[in-house]
Amino acid sequence: MTASSASSSVQKTFLRYQHVFVFTAPVIFVATVLLFAPTEGSGMSYWLEYWWLFPFFLLGATTVNTVGISGSALFVPFFIFVFPLLAYPIGPETLVKVGLISESFGLSSSAIAFIRHGLVDRRLALTLVGGSIPFVVGGALLSFFIQEWLFHAALGAALMTAAYLMLKADLAHDEPAGDDAEVTADGGSERDLPDDAEKLGPAGVDAADDGQITRVDTQGETYEYTWSGYLERFANYSIGGTFQGLAGFGIGELGIISQLRTDVPTRVAIGTNHIVVAATAILASIVHVFAGSVIPGIHSLSIASTPWNMVVFTVPATVTGGQIAPYVSSALDTGTIQKGVGVLFTVIAIALFLMASGGF
């Protein structure tokens, strides 16, 4: 067996049993936190204090992963408006940190599920992640200095922009490019579909010399598009990346629009966007958690100040929601969910502007 075939076999095995691997990750994470994380409390009462966060984050993760946007777009406002009513107010640094850690797991879970469905363009995703890295890091470092009122105003501006784009964009499911209802994706009974030997999943994909991409998902539906439009996507992902580091969201909302505007099919755009948002959320989380310990003078928080008793419930919730999302996306009208999220963003943005101006 060659190295290439061995790698392909490992990839297919991983994707076939991805539910096992995905749900093992939060178990390992929670066990590691319980055993080794430096905390500011201890005992059963400390670890079970925020058990009620699980249903909130399960619903939020399922919603945002269905339309391919950042989880923190809902999690951060939740901590600003709802959490204080049930517990106590927490600062911007802490709420962004919890939101990023949670969405890192949730979006990674959902990204794997979309890969398995054959709806992720790896080349496009890697290009977008690479171009976003400096902006995400810069935004995360900026968050350590920004004042709270300006933080709320920035969140409001990001959400208002996201709301406009979400309400304007068409995220309804794409129709297949051709009459391929009887076609079986690569790995099925038909063996003559487009096939990339290094692909990360069972779906076929072919890139023609003229730049035309043909992708067949696991349901046999065909999507055709090109890789053109890099400049527009770079502009949107750089601005979104800055907000991703600063507030925990932004790259998903601006990114999905830029892909749609450059004629990437909706379901492929949503799946590919999951990879970008998950990767940048992980990067931003690392900066938020460890920057204070590595770079002197820029951050007052320590690793021990991370509310680990929150994330032991929010991480499993977002992972579960990430796995549910592709099925919800297939069963429900994504456009309806999209419009509802856009209206919600508008309401939250107005409230954040009022907070920034001292309205309440």
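Numbers here simply count residues along the sequence, with the first being 1. Keep in mind the model is a prediction, meaning the values are calculated, not measured.
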Under the side chain to side chain donor-acceptor pair (under 3.5 Å) rule, collect the residues that match up with [X], sequence neighbours excluded.
X    : result
W149 : Q147
Y225 : D121, R215
T242 : none
T280 : none

Going by the rule ring pair (Phe, Tyr, Trp, His ring centres under 6.0 Å), which residues pair with F56 if we only count those two or more places apart in sequence or in a different chain?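 Residues passing ring pair (Phe, Tyr, Trp, His ring centres under 6.0 Å) with F56: F78.
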Sequence neighbours left out, what passes ring pair (Phe, Tyr, Trp, His ring centres under 6.0 Å) with F243? Give chain and number order.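 Ring pair (Phe, Tyr, Trp, His ring centres under 6.0 Å) list for F243, sorted by chain: empty.
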Holding to side-chain contact (heavy atoms from CB on, under 4.5 Å), I want the full list of residues that pass it with [X], two or more places apart in sequence or in another chain.
X    : result
L283 : I133, V136, V137
L85  : none
L126 : none

Members other than L35 in its cluster, when Ile, Leu, Val, Met, Phe, Trp, Tyr link by side-chain heavy atoms under 4.5 Å?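 Listed partners: F36.
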For a quick test of your reading: what N or O donor-acceptor pairs under 3.5 Å do the side chains of residues 228-239 make, sequence neighbours left out?
residue	atom	partner	partner atom	Å
S228	OG	T226	OG1	2.8
E232	OE2	R261	NE	2.4
E232	OE2	R261	NH2	3.4
R233	NH1	S228	O	3.0
R233	NH1	T262	OG1	2.7
R233	NH2	W227	O	2.9
R233	NH2	S228	O	3.2
N236	ND2	L254	O	3.2
Y237	OH	G255	O	3.4
Y237	OH	Q259	NE2	3.0
Y237	OH	N273	OD1	2.6
S238	OG	F234	O	3.0
S238	OG	A235	O	2.8

Min side-chain heavy-atom separation T320-F23 under 4.5 Å: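 Heavy-atom side-chain distance check passes, below 4.5 Å.
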What pairs of residues pass the side-chain hydrogen bond (donor to acceptor under 3.5 Å, both in side chains) test when at least one of them lies in residues 77-90, not counting sequence neighbours?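 Passing the test, one end in residues 77-90: Y50-Y88.
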